[in-house]
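Accompanying notes for the structure given below.
The model shown is predicted, which means the values in this text are computed figures rather than measured ones. Letters A, B, ... are given to chains in the order of the sequence lines, protein chains preceding strands, and every chain is numbered from 1.
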There are 2 protein chains.
Amino acid sequence: MKRRKTPSKEKILAILKSQDYATSHEKIANQIDDINRATIYRILNQFCEDGIAHRIIAENGKQFFALCKDCEAEEHHHNHLHFQCNTCEKVECFESEINISLPNGYVIENFNGLINGFCNLCSSA
Amino acid sequence: MKRRKTPSKEKILAILKSQDYATSHEKIANQIDDINRATIYRILNQFCEDGIAHRIIAENGKQFFALCKDCEAEEHHHNHLHFQCNTCEKVECFESEINISLPNGYVIENFNGLINGFCNLCSSA
DNA sequence: AATATTGTTGCGACTATGTTGCAATAGTAC
DNA sequence: GTACTATTGCAACATAGTCGCAACAATATT
Ligand SMILES: [Mn+2]
Ligand SMILES: [Mn+2]
Ligand SMILES: [Zn+2]
Ligand SMILES: [Zn+2]
């Protein structure tokens, strides 16, 4: 499958770029009114496949998406933690990569690490 | 709410105890035919609230449950990683607690860490 | 520039997982 | 045994994401 450049993809990419936090489908849909639900999902899945974005699974099973920093389709670097605030519900990527060591014979394909709690803004309020 | 001891709870607890791996609602339901879907969910949620079990969110958003080792309702110790095999789909708890350090002002409430990949049995096959 | 190829989109239907309101049932304390 | 209220079954609901298909449009070919 050779990817094509389309207005829908550009629009969604622009939204992801404009965001300081990882973004849910819901939030993206709110900023768009002319792209179909299913299309948004398909584009986000493509971005993940292509190493443009990565997917974070929240505590409630909901997906969030954030642009990758140094990933390519082949070589991913997603061994970092994420944080979701229980109050403001924002999801952010933490910078530092964590070190994962596996038992013998185990092979890692992906890592999803999410801390829930209260962010600096919400914990002080 | 004072908890009551019921046959349903005992049955589900026994299933969790008999399992070497974290268990999904689906798998529990397969071993039971006289307890309602909703009841199973409610009991599992109770176990989590009471510090009897903890919940793992898989990559597809599905919930898995494992008995806690040293937790009480107040003091939880769930800073360990989990591993789900992409082939056999089993979810297991890794022993070692990981060290989580947060930026200033952040407060942790819960941690969900899941590695996906291939377990020792499936990677060699 | 016209045409062919095939990736993309919208639509609607569908799946999967989990939750909730309510009335009936059954633990527990007295 | 009675009273109290937690628990259960049932059915309906909610939410998130996927899929098949036909129409459309980006790209390559002529
Ligand atoms: Mn991230
Ligand atoms: Mn565990
Ligand atoms: Zn917050
Ligand atoms: Zn396996």
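- Rounded to a whole Å, the CD atom of B:Glu59 is 15 Å from the C1' atom of D:dG17.
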Taking N or O atoms only and anything under 3.5 Å, show me the protein contacts with nucleotides 28-30 of chain C, one pair per line.
| unit_1 | atom_1 | unit_2 | atom_2 | d |
| --- | --- | --- | --- | --- |
| C:dT28 | OP1 | B:Lys5 | N | 2.9 |

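- How far CG of A:Leu67 is from CZ of A:Phe47: 8.0 Å, rounded to the nearest 0.5 Å.
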Atom pairs under 3.5 Å, N or O on each side, protein against nucleotides 21-23 of chain C: can you list them with distances?
| unit_1 | atom_1 | unit_2 | atom_2 | d |
| --- | --- | --- | --- | --- |
| C:dG21 | O6 | B:Arg42 | NH1 | 3.3 |

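- Counting all heavy atoms, side chain and backbone alike, A:Phe64 lies closest to A:Ser24 at CD2-N, 3.7 Å.
- For the OP1/OP2 pair of D:dT18 and a distance below 4.0 Å, the side-chain nitrogens and oxygens of A:Tyr41 include no atom meeting the criterion.
- Residues B:Arg3 and B:Glu49 form a side-chain contact, since some pair of their non-hydrogen atoms from C-beta on lies under 4.5 Å apart.
- Look at A:Gln46 and you won't find any side-chain N or O under 4.0 angstrom from OP1 or OP2 of C:dG7.
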All N/O donor-acceptor pairs, side-chain side in residues 106-125 of chain B, below 3.5 Å, sequence neighbours left out:
| unit_1 | atom_1 | unit_2 | atom_2 | d |
| --- | --- | --- | --- | --- |
| B:Tyr106 | OH | A:Glu92 | OE1 | 3.3 |
| B:Tyr106 | OH | A:Glu92 | OE2 | 2.7 |
| B:Asn110 | ND2 | A:Glu59 | OE2 | 2.7 |
| B:Asn112 | OD1 | B:Ile57 | N | 3.1 |
| B:Asn112 | ND2 | B:Ile57 | O | 3.3 |
| B:Asn116 | ND2 | B:Asn86 | OD1 | 2.9 |
| B:Ser123 | OG | A:Gly105 | O | 2.6 |
| B:Ser123 | OG | B:Cys119 | O | 3.2 |
| B:Ser123 | OG | B:Asn120 | O | 3.4 |
| B:Ser124 | OG | B:Asn120 | O | 3.2 |
| B:Ser124 | OG | B:Leu121 | O | 3.1 |

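- Residues passing the side-chain hydrogen bond (donor to acceptor under 3.5 Å, both in side chains) test with B:Lys9 are B:Gln46, sequence neighbours excluded.
- Minimum interatomic distance between A:Ala66 and A:Ile56 (heavy atoms only, all atoms of both residues): CB-CD1, 4.2 Å.
- Sequence neighbours left out, the pairs with a member in residues 23-32 of chain B that pass salt bridge (Lys or Arg N to Asp or Glu O under 4.0 Å) are B:Glu26-B:Lys62.
- Here the CD atom belonging to B:Glu97 is positioned 10.0 Å from the CG atom belonging to B:Leu81, to the nearest 0.5 angstrom.
- Here the CD1 atom belonging to B:Ile43 is positioned 11.5 Å from the CG atom belonging to B:Asp50, to the nearest 0.5 angstrom.
- The separation between B:Asn45 atom CG and D:dT8 atom C1' is 15 Å, rounded to whole Å.
- Put simply, the side chain of B:Ile28 does not reach to within 4.5 Å of the side chain of B:Ile35, judged on heavy atoms.
- The end-to-end axis angle of the helix from C:dA1-D:dT30 to C:dC30-D:dG1, rounded to 10 degrees and based on five pairs per end, is 40°.
- Rounded to whole angstrom, the span from the CG atom of A:Asn36 across to the C1' atom of D:dC24 amounts to 14 Å.
- Put simply, the side chain of A:Arg37 and the base of D:dG17 share a donor and an acceptor less than 3.5 Å apart.
- By the salt bridge (charged side-chain N to carboxylate O under 4.0 Å, His left out) test, B:Glu10 is found to be paired with B:Lys5, residues two or more places apart in sequence or in another chain being considered.
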Side-chain donor-acceptor distances from residues 13-21 of chain B under 3.5 Å, at least two apart:
| unit_1 | atom_1 | unit_2 | atom_2 | d |
| --- | --- | --- | --- | --- |
| B:Ser18 | OG | B:Ile15 | O | 2.8 |

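- Between the C1' atom of D:dA16 and the CD atom of A:Glu89 lies a distance of 15 Å, rounded to the nearest Å.
- Between the OG1 atom of B:Thr23 and the CG atom of B:Leu44 there is a distance of 9.0 Å, given to the nearest 0.5 Å.
- Residues from residues 7-18 of chain A with heavy atoms under 4.0 angstrom of DNA chain C, sorted by number: A:Ser8, A:Lys9.
- The stretch residues 29-45 of chain A participates, sequence neighbours left out, in these side-chain hydrogen bond (donor to acceptor under 3.5 Å, both in side chains) pairs: A:Lys11-A:Asp34, A:Asn45-A:Arg55.
- The two atoms that bring B:Ile12 and B:Ile40 nearest to each other are CD1-CA, 3.9 Å, heavy atoms only.
- The CG-C1' distance, from A:Asn60 to D:dA14, rounds to 13 Å in whole Å.
- Note: CZ (A:Phe47) to P (C:dT8) measures 11 Å, nearest angstrom.
- Using cut-offs of 30° and 60° for the angle between ring planes, the B:His82 and B:His54 rings count as tilted.
- Remark: B:Asp34, B:Ile35 in residues 19-35 of chain B come within less than 4.0 Å of DNA chain D through at least one heavy atom.
- Taking 4.0 angstrom as the limit, A:Gln63 places a side-chain polar atom (N or O) nearer than this to OP1 or OP2 of D:dG17.
- B:Gln84 CD to B:Glu89 CD: the interatomic distance, rounded to the nearest 0.5 Å, is 6.5 Å.
- Atom CD1 in A:Ile43 sits roughly 9 Å away from atom P in C:dT8 (whole-Å rounding).
- One can place NZ of B:Lys62 at 16 Å from P of C:dT15, the figure rounded to the nearest angstrom.
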